2 protein chains.
Amino acid sequence: MPEKKKVFLNEETFLQQYNADDYVHPSVAADMVIFTVMDAPEANYRKLPEKQLCVLLIRRGMYPFLGQWALPGGFVRPNETVGNAARRELREETGLDNVYMEQLCTFSEPDRDPRTRVISCAHMALVNSANLQLAAGDDADRAAWFRCSSQLLSESRETHTMGCTITKRSLFHLSGENVQINCTLEHKISHTTHSVTDEYTIIENTGLAFDHARILALALERLRSKLEYTGIALHLMPARFTLTQLQQVYEVILGRSLLAAAFRRKIAPLVRGTDEYTSDAGHRPSQLFERNWDNIAELI
Amino acid sequence: MPEKKKVFLNEETFLQQYNADDYVHPSVAADMVIFTVMDAPEANYRKLPEKQLCVLLIRRGMYPFLGQWALPGGFVRPNETVGNAARRELREETGLDNVYMEQLCTFSEPDRDPRTRVISCAHMALVNSANLQLAAGDDADRAAWFRCSSQLLSESRETHTMGCTITKRSLFHLSGENVQINCTLEHKISHTTHSVTDEYTIIENTGLAFDHARILALALERLRSKLEYTGIALHLMPARFTLTQLQQVYEVILGRSLLAAAFRRKIAPLVRGTDEYTSDAGHRPSQLFERNWDNIAELI
DNA sequence: TCAATAGTGTCTATGAGACAGTATGCA
DNA sequence: TGCATACTGTCTCATAGACACTATTGA
């Protein structure tokens, strides 16, 4: 097999003379979708507190998108991976380390940031609300948990010659202390004989900076689909919990109610009963369970 | 909510004065794992040709890793997304456009490229071998299809206090015209009460450049898992195919044989029968099917 | 006592795995 | 004729959905 260009240098010399600036370099950032599930305050002493899925947002103190809300994120430093950068952001905002985190997707539309070209690698983290306290850092007064819900607005399907296009429109509602944010996204999946496209478009957006509505939509979709076939939800639970609490977490994320009997059967291998029970609840006490990591690890 | 730093400029002025070079910029590349399934030449006129899963590799003509084999890839240009860059590479190497492609993962270990810092966003593409012909471009004489197979060498599980670690070791074998490449990878999933790690380590590598063995391992894993719950395999098929051919594609990717009856039931909604049949086969003719995109799109 | 939740038993529908059995073209 | 593949019928088993039913606390 012939070489096209003759190589004159040895490897050491080549690497010394290599000039990275021959190429254009975008900025690279890591963004974090940090989810937790919190209890809503409940009036009736007998009723269980309602669960709410929450996402951490930071109010922007600079242009662009000044005053709008954004996902926590920042630029990747020379000696860290994008994952390290994401974990650093998480630690800075929540004081938490060692939580479940996974890479979602890399967003690279050339104009996604009006300042300059920024390629962002989005991550999702799940934290347990029990030991949650926003860090007293620089950004602390700008960070807030937003209650997060979504709703399918419409779904249409169009069959054309040798292909099919499915369009789904969803409304994402984020509710903070004094702020309400609504984003409508359109998700279009188009199949033809020789190509597949899968694109999200932001139709309406009342206050989420950059393309963060899209990132959030993707994170929520990933979280939902992983609920079904992994034990990912257990990362949102405290060390000990009741099966009803766990079921509530599933329900609030999936946006639909589940049947207790089937739910218990399904998650049985992922938990281990303890000899502790709840009390003072105004109704029958409930057994407390803990995670059974042995079987959760199986399902990553 | 108070602003920490007072903002002196308006947005327009801010954007004009913004200097992207305040931050360190890594290079960003897109790498492609291009899979296809080809027929092995078969001696016996009666037997069906065996299917082989193949991946496209490029022989490196430059340092580093001179002479070794690498995934097709290249740097992302100023006005394209990482997906655009990946598609451009695909077109340059195979002449193909409009094929199934998805983003896999972004690799960003600071030392993954000895030249300089390169963050790479890995993609996977599936092409149908029917209209395959390597492009006569610059790199054409260095591009080759490698038969790809993998084998689980060992799997161990260690339960420790409040956690569990699963370690899997797999051997990847790549077989080209005159080259054999073996890579042994270790995949370690570790769960503890407050963290999950999921890391691949290259244990042995006889000829794949950079961390491309890891990327390939991830791509193969993704392809396998998507076979189970999507119609992704249909992108590897020509316009018309028999159900046995489709089953062979599943079998060669999953690395195990399937029962025909169950397989046909499972994929029935994804295909549509035609009135064409194979002939001259030395055995009973087989009905030809085509894709039913309506139901495939459902399962993205 | 009763509101509210905790927890179980079981019927049914569905889908995958297993395997036997029938169908068919061509050297 | 028989090899090799094509294709179907049906039994079994595992699992999810549905729902009825019993159990238990504390104001």
Side-chain angles (χ1 to χ4, degrees), chain A residues 39-40 42-51 225 227-231 233 240-252 254 256-289 295 298-299, chain B residues 39-40 42-51 225 227-231 233 240-252 254 256-289 295 298-299:
Chain A
D39 285 352
E42 188 62 49
N44 185 336
Y45 80 99
R46 278 185 152 159
K47 290 231 181 193
L48 290 176
E50 196 193 335
K51 299 280 178 188
S225 75
L227 269 202
E228 314 265 16
Y229 67 95
T230 71
R240 298 200 158 187
F241 50 88
T242 69
L243 295 188
T244 302
Q245 281 165 3
L246 183 58
Q247 182 175 340
Q248 285 179 308
V249 168
Y250 273 75
E251 288 177 338
V252 75
L254 294 175
R256 63 191 167 89
S257 58
L258 305 173
L259 288 166
F263 177 77
R264 278 154 191 261
R265 270 195 307 254
K266 191 181 156 90
I267 53 88
L270 307 181
V271 296
R272 204 183 311 134
T274 69
D275 52 6
E276 256 187 276
Y277 284 79
T278 58
S279 58
D280 294 328
H283 50 75
R284 176 172 167 177
S286 179
Q287 192 182 4
L288 290 172
F289 287 77
N295 292 333
E298 207 85 21
L299 303 175
Chain B
D39 285 353
E42 188 62 48
N44 185 336
Y45 80 98
R46 276 185 153 160
K47 288 231 181 192
L48 290 175
E50 197 194 334
K51 299 279 178 188
S225 75
L227 269 204
E228 314 265 17
Y229 66 95
T230 71
R240 297 199 160 188
F241 50 88
T242 70
L243 295 188
T244 303
Q245 282 164 4
L246 183 57
Q247 183 176 340
Q248 286 178 308
V249 168
Y250 274 74
E251 288 177 336
V252 75
L254 294 175
R256 63 192 168 91
S257 58
L258 305 172
L259 289 164
F263 177 77
R264 277 152 192 264
R265 271 195 308 251
K266 191 182 156 89
I267 52 88
L270 307 182
V271 295
R272 206 184 309 135
T274 70
D275 51 6
E276 255 187 279
Y277 285 79
T278 58
S279 58
D280 294 327
H283 50 74
R284 175 173 167 178
S286 179
Q287 191 180 5
L288 289 172
F289 287 77
N295 293 333
E298 207 85 23
L299 302 176

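Letters A, B, ... are given to chains in the order of the sequence lines, protein chains preceding strands, and every chain is numbered from 1. Because the structure is predicted, anything quoted here is derived from the model rather than measured.
At least one donor-acceptor pair closer than 3.5 Å links the side chain of B:K266 to the backbone N or O of B:E228.
Between the CD atom of A:Q287 and the P atom of D:dT25 there is a distance of 14 Å, given to the nearest Å. Taking atom CD of residue A:Q247 and atom P of nucleotide D:dG17, one finds them 12 Å apart after rounding to whole Å. Rounded to an integer number of Å, the gap from CG of B:L258 to P of C:dA16 is 12 Å. In this structure, CD of B:E228 is placed 17 Å from P of C:dG15, rounded to the nearest angstrom. Distance B:K266 NZ to D:dT8 P: 19 Å, rounded to the nearest Å. Atom-to-atom, OH of B:Y229 to P of C:dA16 comes out at 16 Å; the value is rounded to the nearest Å. Following rounding to the nearest Å, A:R256 (CZ) and D:dA16 (C1') show an atom-to-atom distance of 11 Å. Following rounding to the nearest Å, B:Y277 (OH) and D:dC7 (C1') show an atom-to-atom distance of 10 Å.
Listed by chain and residue number, nothing satisfies the salt bridge (Lys or Arg N to Asp or Glu O under 4.0 Å) test with A:R284 (two or more places apart in sequence, or in another chain). Residues passing the salt bridge (Lys or Arg N to Asp or Glu O under 4.0 Å) test with A:E251: none are found, sequence neighbours excluded. The ring-ring contact (aromatic ring centres under 6.0 Å, His included) search around B:F289 returns none, not counting sequence neighbours. Residues satisfying the ring-ring contact (aromatic ring centres under 6.0 Å, His included) criterion with B:F241, sequence neighbours excluded, are absent altogether. The salt bridge (Lys or Arg N to Asp or Glu O under 4.0 Å) check on A:R240 picks up A:E276, A:E290, with sequence neighbours excluded.
At D:dA6, one or more side-chain N or O atoms of B:S286 fall inside 4.0 Å of OP1 or OP2 (strictly under the cut-off). Distances shorter than 4.0 Å separate none of the side-chain N or O atoms of B:T244 from OP1 or OP2 on D:dT5.
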Readout for nucleotides 19-27 of chain C: B = base within 4.0 Å of protein heavy atom, S = sugar-phosphate only, - = neither; 5' to 3' it is B---BBBBS
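Here A:L48 lies in heavy-atom contact (under 4.0 Å) with sugar-phosphate atoms only.
One donor-acceptor pair, N or O on each side, does fall under 3.5 Å between the base of C:dG17 and the side chain of B:R265.
For the pair A:E50/A:D39, no side-chain contact is recorded, criterion being any heavy-atom separation below 4.5 Å from C-beta on.
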